[in-house]
*Asks:* 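Quick one: the structure is below, and I'll ask about it shortly.
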Amino acid sequence: MRIRPVVRLICLTGCIAGGLMADSTFDETQAARFARLALDCVHKEYPNKIAHSLNSDADVKPPRALTPAFYGCYDWHSSVHGHWLLARLLRMFPNAPFAADARRALAQSLMDAKIAQEEAYVKAPGRATFERPYGLAWLLQLAAELKESQDTDARRWSRTLEPLEHAAVAHLSSWLPKLAHPVRNGEHTNTAFSLGLMLDYARIAGDAKFRQLLESRARDYYLKDRACPLNYEPSGEDFLSPCLAEADVMRRVLPPAEFATWFTAFLPHVDLEPTHVTDFTDGKLYHLAGLNLSRAWMLNGIVSKLPASDPRRKTFAVLSARLRQAGLESITGEHYEGGHWLGTFAVYLVSERGLR
């Protein structure tokens with residue numbers, strides 16, 4: 001299915017009646033801004049923070065030799081979702097001025113030899129925990145984006161990526177049955193957020209076995225949860241909301257009526273304000289800009305599953321719009337600490353990737 005060049009943002013609560021921005025659009029000009037953030041970093045090797053397990057002296061190599069497809073954007077997972085951003089925008093705006101650059105960047109990375117080296121790296125001894133679950137979940141999102149595209153190049157890249165994609169699914173399928181308790185923080189190891197990305201992939205890929213595992217573990221982890229302490233959020237370096245991420249994955253798993261009942265018990269009150277970054281040069285403190293964006297899309301996901309008559313829909317949509325504005329205003333591209341990853345969160349939100 002080809003996405004229209006101009007994407008109207010979904011109106012979750014009856015926007016005209018509710019006074020919201022019914023005509024808000026995501027267009028080529030906005031897309032170009034975010035595409036540039038990814039283009040500026042997907043092949044920028046340094047600065048670089050590698051999570052690298054060495055098995056011998058032979059493993060002492062620069063990032064481009066260790067993981068030749070995904071070595072830019074400061075770290076592996078940011079590189080992966082930077083490539084997802086380019087694939088997403090290329091699919092949405094195939095004739096935009098930035099499209100040729102995006103196509104060249106993806107072609108440079110998604111080559112058979114490079115993905116074979118990525119696969120070998122992931123499968124090497126001592127790397128079972130590599131980028132688990134966040135980076136692997138984003139890799140599956142990239143795979144899903146390419147699978148849905150009708151573009152000839154994207155279909156070729158999808159086939160090229162398959163060995164690494166299958167390795168990621170194998171790692172995650174081995175790990176999840178052994179994960180007795182979910183990780184409930186607001187950073188990369190959060191279980192709920194990655195489960196959501198993985199579930200969307202499994203459904204797009206038609207992987208019924210993986211989907212069933214993910215749905216089963218989500219129910220095991222979260223179905224009995226009540227009264228999530230949203231007032232404890234955020235921690236000082238969060239870019240995800242533990243409470244909202246859990247609700248956002250459960251709306252993917254539960255039927256509407258069951259989800260509405262579960263959500264009422266899980267989050268009786270949703271009272272939060274946009275966060276503010278006190279130092280844009282500090283990469284960890286800059287996480288709070290991403291928190292506004294992820295909270296916004298998670299609220300949109302929750303609203304999409306609540307009954308049409310539920311009064312919380314309007315309240316949450318208004319709050320989501322405030323968070324969206326605060327998050328987007330924080331993305332200047334001036335500081336690499338945020339520029340290397342925030343574009344992905346912005347595009348995930350404004351292109352409604354998690355809403356199907």
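The model shown is predicted, which means the values in this text are computed figures rather than measured ones. Note that these values count all heavy atoms, side chains included, but never hydrogens, waters or copies made by symmetry.
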*Asks:* Parallel, tilted or perpendicular: which fits the ring planes of Trp341 and Phe345, with parallel below 30° and perpendicular above 60°?
*Replies:*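 The rings of Trp341 and Phe345 stand perpendicular, inter-plane angle above 60°.
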
*Asks:* Should the pair Trp84 and Tyr348 be assigned to parallel (<30°), tilted (30 to 60°) or perpendicular (>60°) ring geometry?
*Replies:* tilted

*Asks:* Starting from the C-alpha separation in whole Å, work towards a yes-or-no answer on ring-ring contact (aromatic ring centres under 6.0 Å, His included) for Phe130 and Tyr121.
*Replies:* CA-CA 9 Å; Phe130 176 71; Tyr121 183 88; 5.1 Å; yes

*Asks:* Among Ser79, Pro47, Pro63, which residue meets the side chain to side chain contact (heavy atoms under 4.5 Å, CB included) test with Tyr74?
*Replies:* Pro47

*Asks:* Can Lys147 and Glu165 be counted as an ion pair, charged N to O under 4.0 angstrom?
*Replies:*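 Yes.
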
*Asks:* When you compare the side chains of His276 and Ser330, does any donor N or O come within less than 3.5 Å of an acceptor on the partner?
*Replies:* no

*Asks:* Does any non-hydrogen side-chain atom of Phe316 lie less than 4.5 Å from one of Asp310?
*Replies:* no

*Asks:* Drop me the distance from Cys228's SG to Arg184's CZ, to the nearest 0.5 angstrom.
*Replies:*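 Going from SG on Cys228 over to CZ on Arg184, the span is 7.5 Å.
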
*Asks:* What I want to check is whether the side chains of Asn300 and Ser304 have a donor and an acceptor closer together than 3.5 Å.
*Replies:* no

*Asks:* Give every residue pair that meets the side-chain hydrogen bond (donor to acceptor under 3.5 Å, both in side chains) criterion with at least one member in residues 289-298, sequence neighbours excluded.
*Replies:*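 Applying side-chain hydrogen bond (donor to acceptor under 3.5 Å, both in side chains) to every pair that reaches into residues 289-298, excluding sequence neighbours, yields Thr275-Asn292.
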
*Asks:* Here's a test for you: under side chain to side chain contact (heavy atoms under 4.5 Å, CB included), which of Lys114, Glu45, Lys44 qualifies with Tyr71?
*Replies:* Glu45

*Asks:* Is the cationic atom of Lys224 (NZ for Lys, CZ for Arg) positioned less than 6.0 Å from the six-membered ring centroid of Phe266 and within 45 degrees of its normal?
*Replies:* no

*Asks:* Could you check whether His269 and Asp271, counting side-chain N and O atoms only, form a donor-acceptor pair closer than 3.5 Å?
*Replies:* no

*Asks:* Is the side chain of Ser149 donor-acceptor paired with the backbone N or O of Arg91 at a distance under 3.5 Å, no angle test?
*Replies:*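 Pair absent, no side-chain N/O of Ser149 close to backbone of Arg91.
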
*Asks:* Anything under 30° is parallel, anything over 60° is perpendicular, the rest tilted; go ahead and classify Tyr134 against His188.
*Replies:* perpendicular

*Asks:* Counting distance only, does the side-chain N/O of His171 pair as donor-acceptor with the main-chain N or O of Ala167 below 3.5 Å?
*Replies:*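 Pair absent, no side-chain N/O of His171 close to backbone of Ala167.
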
*Asks:* Just by distance, no angles: are the side chains of Asp75 and Ser78 close enough, under 3.5 Å, to form a donor-acceptor pair?
*Replies:*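 Per modelled atom types, Asp75 and Ser78 side chains form a pair under 3.5 Å.
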
*Asks:* We want to know whether Gln150 and Arg155 form a side-chain donor-acceptor pair, criterion being a heavy-atom distance below 3.5 angstrom.
*Replies:* yes

*Asks:* Is a side-chain N or O of His52 found less than 3.5 angstrom from the main chain of Leu66, in a donor-acceptor match?
*Replies:* no

*Asks:* Would you say the side-chain atoms of His287 pair up with the backbone N or O of Phe239, donor to acceptor, closer than 3.5 Å?
*Replies:* no

*Asks:* Do Lys123 and Glu119 meet the salt-bridge criterion of a basic N to acidic O distance under 4.0 Å?
*Replies:*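 A salt bridge links Glu119 with Lys123.
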
*Asks:* Examine Arg36 relative to Phe98 and say whether NZ or CZ is less than 6.0 Å from the centre of the six-membered ring and inside a 45° cone about the ring axis.
*Replies:* no

*Asks:* So Leu214 and Leu176, side chain to side chain contact (heavy atoms under 4.5 Å, CB included) or not? Walk me through it.
*Replies:* CA-CA 8 Å; Leu214 298 168; Leu176 280 168; 3.5 Å; yes

*Asks:* Between Asp200 and Arg252, is there a side-chain N and carboxylate O pair less than 4.0 Å apart?
*Replies:* yes

